[in-house]
Amino acid sequence: AVIKEKATTVTPPIEMAALGSRLVPSPDGKNTVLLTMPEGYAQYEWRNASNQAVVGTGRTFAAPPGEYIAIVTELYGCSSFPSQPYRVIN
């Protein structure tokens, strides 16, 4: 067997789950924006970008106004560098 070093995992960019605006409240009255990460990771972690508090652990996150980063973990525990911040505006 050949053992080689794996490249560092890079968190994909945060995306909105549907077309819309990152401005809340939205025209339909919603006060959050549904953010999402691609499928295929073992764990997902959403954090408040300003204080690093964990605010969610699913593939999607209903984000109120603020700035957020995501961190993904691959199978067998290889975590990633954080994503670029994503801002939800009110």
Taking side chain as C-beta onward, heavy atoms only, is Arg47 less than 4.5 Å from Ile71?
yes
Scan the side chains in residues 14-23 for donor-acceptor partners under 3.5 Å anywhere in the protein, sequence neighbours excluded, and list what turns up.
residue : atom : partner : partner atom : Å
Ser21   : OG   : Leu23   : N            : 2.9

Value rounded to 0.5 Å, distance of OH in Tyr44 from OG1 in Thr36:
8.0 Å
Residue set satisfying side chain to side chain donor-acceptor pair (under 3.5 Å) with Ser26, at least two apart, ordered chain then number -> Asp28
Do Gln84 and Pro13 come close enough that some side-chain heavy atom pair is under 4.5 Å?
no
Are Val33 and Ile69 linked, directly or through intermediate hydrophobic residues, by side-chain heavy-atom contacts shorter than 4.5 Å (ILVMFWY only)?
no
Kindly state each residue pair satisfying salt bridge (Lys or Arg N to Asp or Glu O under 4.0 Å) with at least one member in residues 63-72, sequence neighbours excluded.
Glu67-Arg87
Spacing of Glu45 atom CD and Thr73 atom OG1 [to the nearest 0.5 Å]
7.0 Å
What I want to check is whether the side chains of Ser80 and Thr11 have a donor and an acceptor closer together than 3.5 Å.
yes
Which residue pairs satisfy the salt bridge (Lys or Arg N to Asp or Glu O under 4.0 Å) criterion with at least one member in residues 53-66, sequence neighbours excluded?
Glu39-Arg59
Between Leu34 and Ala62, what is the shortest heavy-atom contact and its length?
CD1-N, 4.0 Å
With a 4.5 Å cut-off on side-chain heavy-atom distances among I, L, V, M, F, W and Y, is there a chain of contacts connecting Val88 to Val55?
yes
Non-neighbouring partners of Phe61 that pass ring pair (Phe, Tyr, Trp, His ring centres under 6.0 Å), sequence neighbours left out
Trp46, Tyr68
Restricting to side chain to side chain donor-acceptor pair (under 3.5 Å), what partner residues turn up for Glu74, sequence neighbours left out?
Lys6, Thr9
